[in-house]
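What follows is a single structure, written as structure tokens, with notes after it.
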Protein chains: 2
Amino acid sequence: MRLVVVGGVAAGLAAASRARRLDESLEILVLEKSPYISYGACGLPYHVEGRVRSLDQLRVYTKEYFARERRIEVRTEAEVTRVSAARREATVGASERIPFDRLILTTGAIRDRCCVLGGNDPNVFTIDTWGDAERLQRFLSEQRPKRAMVLGAGYIGLAAVEMLRARGLDVDLFEASPEILGRACPWLTKLVAAHLEKFHVRVHLGQPVMRIPACDVAILTCGLRPNTDLALDAGIELGRTGAVAVSERMETNLTQVYAAGDCCETRHLVSGRHVWFPLGTTANKMGRAAGATAAGFPERFHGIVGTSIVRVCGLGVATTGLSQPLARQEGFDAVSTAVEGLDRARYFRGRPVHVRLCADKRSGRLLGGAVVGEYGVEGRINVIATALSQRMLVEDFANLDLAYAPPYATVWDPVLVAAQQLAKLLH
Amino acid sequence: MRLVVVGGVAAGLAAASRARRLDESLEILVLEKSPYISYGACGLPYHVEGRVRSLDQLRVYTKEYFARERRIEVRTEAEVTRVSAARREATVGASERIPFDRLILTTGAIRDRCCVLGGNDPNVFTIDTWGDAERLQRFLSEQRPKRAMVLGAGYIGLAAVEMLRARGLDVDLFEASPEILGRACPWLTKLVAAHLEKFHVRVHLGQPVMRIPACDVAILTCGLRPNTDLALDAGIELGRTGAVAVSERMETNLTQVYAAGDCCETRHLVSGRHVWFPLGTTANKMGRAAGATAAGFPERFHGIVGTSIVRVCGLGVATTGLSQPLARQEGFDAVSTAVEGLDRARYFRGRPVHVRLCADKRSGRLLGGAVVGEYGVEGRINVIATALSQRMLVEDFANLDLAYAPPYATVWDPVLVAAQQLAKLLH
């Protein structure tokens with residue numbers, strides 16, 4: 001029985017590893033089109049920044065490791081150009097045919113550089129792959145540009161801003177929509193924009209860039225879409241988001257063909273709707289479930305609550321669930337409230353932390369939240385994310401038994417204060 | 001209608017404030033036996049350490065603030081010596097009689113200095129009240145002792161160790177039980193003891209001190225018990241823990257007499273059993289519910305999951321729910337597992353974080369956890385605490401959508417890895 005996995009980064013290798021663990025007898029082959037496998041793509045901006053000296057530091061495992069320790073064969077520079085589900089074979093390159101019994105597609109996402117005129121100019125970069133990061137890092141070191149523009153204020157755009165400022169470049173950030181991080185949340189946008197401006201980043205919101213103007217260097221972080229060409233060609237159905245539709249067990253519409261990671265959509269556990277929310281953590285979890293299912297021991301991945309975090313110029317910006325405007329679009333009778341508190345006791349150099357929570361007035365259920373601050377952002381957003389996954393009521397959330405000691409928190413944590421205030425709006 | 005509140009620290013003032021907010025017409029009187037009200041008692045060790053320069057920094061509000069802003073009369077140095085529920089009156093001092101319609105008891109906890117011989121010696125201190133902290137701070141500054149002993153390795157004992165080491169004293173820590181933090185968890189004890197020894201603290205476990213030996217200064221952190229004398233005298237029933245028994249609405253067995261805070265027991269939401277777990281955060285929440293109920297707008301406080309955190313010599317030590325031995329005592333078929341991971345990416349100076357999780361084999365339910373590390377401890381324990389309050393299954397916990405970015409976490413957070421490993425023990 002042979003399992004072929006297309007793609008050798010997060011989802012693909014998680015799938016292969018999980019399948020091996022559950023079935024020792026399976027023959028497992030991973031095909032990766034690039035020369036690189038198993039690396040932490042979220043660390044790429046930090047390589048460009050200079051914090052990660054060598055890209056090797058981002059490598060998790062080598063091909064040899066997989067062969068030796070997990071009996072998983074990994075081939076790099078092996079691009080799968082076609083999949084025939086009927087013939088049970090994948091084509092590598094022009095003509096090499098590779099038979100499979102079970103197949104897992106983890107083709108990821110691709111960035112469409114043609115989304116803007118000039119997107120292919122030599123001073124325009126992306127930071128999605130190992131190769132991208134190497135090229136950009138070399139360009140910045142050799143050409144020493146002074147002024148940069150970043151297109152897109154999603155989390156990759158913000159990570160790019162942090163990296164460019166750390167290297168001392170002058171930065172203009174452009175975003176087509178009027179919002180930062182695509183949350184339709186003016187509160188969040190205002191907080192982040194004010195912080196960026198303090199760090200001399202010029203923020204241009206609601207300004208779609210049609211053509212990249214003359215500048216020293218530009219980073220393209222918009223135009224990301226699920227890489228579904230192979231899937232479509234093979235007859236695999238896409239969902240309403242344009243990404244591959246999979247069951248909770250990562251099954252596609254084709255028998256014994258599975259998919260996982262950034263090429264797939266997943267269920268948003270707050271709205272109940274399918275969404276495309278490409279993130280490394282989710283890719284890993286989907287990969288695990290796909291590998292287990294492909295190995296004949298089906299596991300479920302129920303979905304996400306849409307948690308993300310990014311650091312930009314020292315500020316942590318984290319969101320989960322739905323913002324009030326997004327919740328209204330989903331048909332909730334959404335109300336929200338924001339509070340500012342301290343991340344810990346003032347005499348432990350407590351710093352401001354901003355918390356926004358959103359709830360459904362009809363059910364009293366928590367729907368989402370955002371946390372912004374220099375410290376203690378990740379822990380607080382994770383508490384909200386955990387509550388969302390359990391469909392927790394605001395009233396119960398306000399009484400959560402959270403840890404308190406002066407070096408770590410204040411007696412009434414800002415997330416609890418926000419919940420108390422939100423509870424008042426529910427009656 | 002007059003509400004009298006006995007006690008003016010956490011629970012008492014939370015109760016009075018909540019009652020005022022819900023009923024503008026109520027006459028509210030708070031009686032506090034000491035000269036001090038409304039201060040963060042958890043900050044007292046940090047005043048002794050020198051980090052909190054003036055005790056005033058720990059004061060939240062003044063009497064005048066309560067009178068002016070909340071129309072709550074606060075009397076200090078007004079010790080309630082008797083309560084007669086039948087006559088609806090409290091006695092202050094020898095004979096002053098104060099009538100009430102509703103009463104909230106927040107008499108807190110007291111430390112029994114007679115639990116050890118020599119407990120009343122002039123070089124033996126506690127750090128429970130404002131007065132305690134002032135006396136100890138003065139003693140340390142004036143007498144400049146070199147060697148200290150701390151009795152009790154609960155969280156106050158550990159905070160005392162941190163404070164004494166920060167002041168440069170040589171410290172011996174004595175604990176009667178074989179465990180640190182009373183968790184019956186050898187794993188936790190070993191981690192913390194090893195850390196303390198690195199900081200030259202001599203740890204003596206399983207060594208009950210019968211008589212305090214000659215030493216420069218001793219800090220007594222054992223022998224804490226609920227202060228129930230007034231309640232007992234008034235005919236208020238205690239629970240099996242020896243603390244005041246209250247309903248979820250903070251009602252005692254006497255009509256319109258309520259209790260809240262460290263003098264009360266509360267429900268442990270994991271075991272379902274009543275426990276005595278005196279902490280400031282819980283006292284505040286109980287106080288709020290008591291105030292609302294006393295004002296005629298009953299609110300419920302369902303209970304706790306037993307979360308606590310302490311920092312000792314730079315190490316964060318946090319626990320929640322039940323440890324495996326405690327869970328077995330409660331009748332669970334408990335299994336547990338521990339993992340070590342990094343709190344964030346290595347290239348962001350990620351430091352080790354240790355996570356232990358415990359679950360019930362029969363139901364698959366998460367029962368408790370502990371997190372130990374220099375950073376990122378509070379956020380991780382809070383995620384576990386939130387999951388416990390929702391009776392979450394380990395399997396679901398392992399798929400939580402937690403925030404990931406290299407400055408804040410690793411792709412597979414140690415708490416998720418621990419849950420994955422624990423899940424394997426459940427089948």
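In what follows, chains carry the letters A, B, and so on, assigned in the order in which the sequence lines appear, proteins first and then strands, with residues in each chain numbered from 1.
Interface check for chain B: of the options A:P406, A:S389, A:A409, the most heavy-atom pairs under 4.5 Å are formed by A:P406. When A:C42, A:G379, A:P45 are compared by the number of non-hydrogen pairs under 4.5 Å with chain B, A:C42 comes out ahead. Chain A forms more heavy-atom pairs under 4.5 Å with one residue of B:A289, B:S308, B:G43, B:A159 than with any other, namely B:G43. Heavy-atom pairs under 4.5 Å with chain A were tallied for B:Y155, B:Y375, B:W412; the largest tally goes to B:W412.
With a threshold of 4.5 angstrom between heavy atoms, A:V310 approaches chain B through N, CA, C or O but not through any side-chain atom. With a 4.5 angstrom heavy-atom cutoff, B:R288 touches chain A only via side-chain atoms. Proximity to chain B (any heavy atom under 4.5 Å) is restricted, for A:I381, to the side chain, taken from C-beta onward. Contact annotation for B:F397: neither backbone nor side-chain heavy atoms come within less than 4.5 Å of a heavy atom of chain A. Residue B:L416 touches chain A through its side chain alone, counting heavy-atom pairs closer than 4.5 Å. Heavy atoms of B:L269 lying under 4.5 Å from chain A are absent altogether. Looking at B:V305, both its backbone and its side chain come within 4.5 Å of chain A, counting heavy atoms on both sides. Interface remark: A:R21 contributes side-chain atoms only to the contact with chain B (heavy atom separation under 4.5 Å). At a 4.5 Å heavy-atom cutoff, the contact between B:R311 and chain A is made by backbone and side-chain atoms alike. Heavy atoms of A:I384 lying under 4.5 Å from chain B are absent altogether.
Summarising the geometry of B:V411 relative to A:T281, their closest heavy-atom pair is O-CG2, 3.4 Å, with the distance given to 0.1 Å.
Here the side chains of B:H302 and A:D396 are in contact, with some heavy-atom distance below 4.5 Å. Within the 4.5 Å cutoff, the side chain of A:Q57 has no heavy atoms near those of the B:R346 side chain.
Note on ring orientation: taking the six-membered ring where Trp is involved, the planes of A:Y347 and B:Y46 are tilted (angle from 30° to 60°).
The distance from the CD1 atom of A:I304 to the CG atom of B:N399 is 12.0 Å, given to the nearest 0.5 Å.
A donor-acceptor pair is defined here as one N or O able to donate and one able to accept, closer than 3.5 Å; no such pair exists between the side chain of A:K285 and the backbone of B:A398. In this structure, B:D401 contributes its side chain and A:T307 its backbone to a donor-acceptor pair below 3.5 Å. The backbone N or O of B:A403 lies less than 3.5 Å from a partner atom in the side chain of A:N382, making a donor-acceptor pair.
Within a 6.0 Å radius of CD in B:E395, other residues, nucleotides and ligands contribute 12 heavy atoms or fewer.
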